[in-house]
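In what follows, a single structure is set out as structure tokens and then discussed.
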Amino acid sequence: MPTRFGHFELDENARSLTLRGAPQSLQPRVFDLLAYLVRNAGRVVPKDELMDALWPDLTVTEASLQRAVSLARRALAADGLERAIRSFVRHGYRFGLDPDLTEPEPEAPGGTPDVAEARRRARACDWTGAVTLFEALPPEALEPADIDVWAGAVECQGRPAAALPIHSRAVAAHLGAGDPVGAARGAVALARIEIERAAPAVAGGWLDRAESLLAEEDDDAVRASLLWMRSRLATFEGRTEEALGLASAAFDLAKRRGDQGLVALTLAYRGFYNLALGHVGAGRADQNHAAAIALSSQVDPVTGSTVYCNILWSCRTFADWERARQWSAGFESWCKASFAEPPGACDLHRAEILGAQRALPEALRSIETALRKLAVEEAWTIGEGHRIRGDIQAMIGDLAAARADYAAAAALGWDAEPGNAVLLFEEGEIDAALAALDRALGGMTWFHLQRRGHLMIHKARIAARGGRREIATALLAEIEGEPERWPQPAIRALIAETRAALAEPGDPEARRFLFLARELWTSAGMEYQAGRVRVELARSLLADGDRAGAAIELAAARMTASRIGSRRLADRAAEPDLAPAA
């Protein structure tokens, strides 16, 4: 008779293990181990007995048994039952057919109550409590899986760099236990952290290590993670087409494995690369699907935050503010529920979205927090943080601080566009503004490719307002020639502003384009930008003698300036040429 536990069914006669009716792939020796433990459920089976039963005619080390146990647990993890196989230090293993296998046992893997408590705290997202306990335990009390949990808990404290030596220790522990797949998983985790620290050479070394460990192993989940990280390394080096192919291959493996966290992760990045290459419909669909999976599945915190971080990063660099607003609430909730201290990336996204759409002082506080964390985390995005703070300072009205931040971003290897170019233009430096945008448009990384439309339309608007009609017209033709690639309200609003600037003086079409721009900025939730256009509309209405219409626009701009905390917008609405006639 087949034995059922959880949603598994094990049939010794047919030598099959199924999960909800779907066959599960197990190596023959791993199947024999699981069958033997299930047959002796409730009894601690001595290690010697297991080795004699599994390798009757061979002399093997305990490492072979440990590896078989690790692989059996990994198979059971597909239904959350990896802890059904319990370890008893210096004794053996027991398969527990308990009514609720999710409850911790007094004797947990590692053999001490402290290990059980550390694991329980990690499951409860008490990351500080878990880390404190793991740090106090002697090395011999921890199994490789415990060290994996410890490293993840340190990451969830918002300290990824501090997790590096623990992940390295986990790799060594898995190798010592004869588990190259577990070691490869740890090597991929190390590569993930290293690439966030702008260390692609180190990340590549760990990925090569993972590749060699998987040379004779067949594990779709780890191989999918490896391919995903290879895709990230490819984009870091400007090979976006290759990255798309790698992410697609990773998604296929993750889907075959049925690992929802990996499916969401690989789908999000496939969408990311599609967006960078101009496949907007496919990219948005992939990322929206990935976010929905992450919200509706039991995805681990590091995977879930990576999915959301990637999606919001795409929205920001793609100027897709409307979509960013829709997903940002879920992302903030995820961070608060999953992390003891949200990573700097969470605060970075929150700051730019706040700066674009809501209160500027709150956005400034958030970016200050993000910059402090990113410095400690040694994150490569710290340059992006300075660019965002520069934009926020410029909208508030502290232009000296904005210039300092734009310079800091450039010093860290980032461009500060389009904010820097806009500031240069408003100070009368049109040639410098256009040159700065040209430099950014010459980049071929995913970062530059995704922002291409946003940069081009800012260049067109600056050129139009600065009297460079030919430049502006050529850029508009290129952008409007691919409307499906640039559907964002923010870009369409800037197109309308550019059209207004190109119109002849007194042309009623100019005002119509400004009204359209105002509505598009409003629909995207971009209050500062909508207020800025209202001031331009008021100027146009006054020139046409419509003082009542101008007064309405200026009053709305002043209200916006007060609500979002923008001295600069308030000053624009109070410029002398906008004062009512005596």
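This chain uses plain numbering: 1 for the first residue, then up along the sequence. The structure displayed is predicted, hence computed values, not measured ones.
- Looking at R389 and E368, a side-chain N of the basic residue comes within less than 4.0 Å of a carboxylate O on the acidic one, giving a salt bridge.
- The residues R465 and E497 are annotated as not salt-bridged, no charged nitrogen and carboxylate oxygen being separated by less than 4.0 angstrom.
- If you check the side chains of Q287 and N310, you find a donor sitting under 3.5 Å from an acceptor.
- Within the 4.5 Å cutoff, the side chain of W521 has heavy atoms near those of the L494 side chain.
- With hydrogens and angles left out, the side-chain atoms of N288 and R323 include a donor and acceptor closer than 3.5 Å.
- Counting only N and O atoms by type, the side chains of Q488 and H454 include no donor and acceptor under 3.5 Å apart.
- Looking at heavy atoms from C-beta onward, Y528 lies out of side-chain contact with T560 at the 4.5 angstrom threshold.
- In this structure the side chain of R365 reaches within 4.5 angstrom of the side chain of P361, judged on heavy atoms.
- To the nearest 0.5 Å, atoms CD1 (I471) and CG (D438) are separated by 8.0 Å.
- The aromatic rings of W150 and F134 lie parallel to each other, with less than 30° between the two planes, well short of the 60° mark.
- Salt bridge present: D320 and R284 bring a charged side-chain N and a carboxylate O closer than 4.0 Å.
- If you check the side chains of S231 and Y273, you find a donor sitting under 3.5 Å from an acceptor.
- Contact check for R192 versus E155: side-chain heavy atoms found under the 4.5 Å cut-off.
- Salt-bridge formation is not detected for the pair E527/R532: no Lys NZ or Arg NE/NH1/NH2 atom is positioned less than 4.0 Å from an Asp or Glu carboxylate oxygen.
- Classification of E196 and R232 as a salt-bridged pair holds, one side-chain N sitting under 4.0 Å from a carboxylate O.
- E429 CD to I462 CD1: the interatomic distance, rounded to the nearest 0.5 Å, is 12.0 Å.
- The side-chain heavy atoms of I457 and L476, taken from C-beta on, include a pair separated by under 4.5 Å.
- Atom NE2 of H289 is surrounded by 12 or fewer heavy atoms from other residues, nucleotides or ligands within 6.0 Å.
- Salt-bridge annotation for R403 and D398: absent, with no side-chain N of the basic residue lying under 4.0 Å from a carboxylate O of the acidic one.
- The shortest distance between side-chain heavy atoms of R439 and D415 does not fall below 4.5 Å.
- Atom CG of L233 is separated from atom CD of E237 by 4.5 Å, given to the nearest 0.5 angstrom.
- Residues R209 and L190 fail the side-chain proximity criterion, which asks for heavy atoms closer than 4.5 Å.
- Comment: R387 engages D391 in a salt bridge, judged by a side-chain N to carboxylate O separation of less than 4.0 angstrom.
- Remark: R539 CZ to L514 CG distance equals 11.0 Å, nearest 0.5 Å.
- The shortest side-chain heavy-atom distance between V171 and H167 does not fall under the 4.5 Å cut-off.
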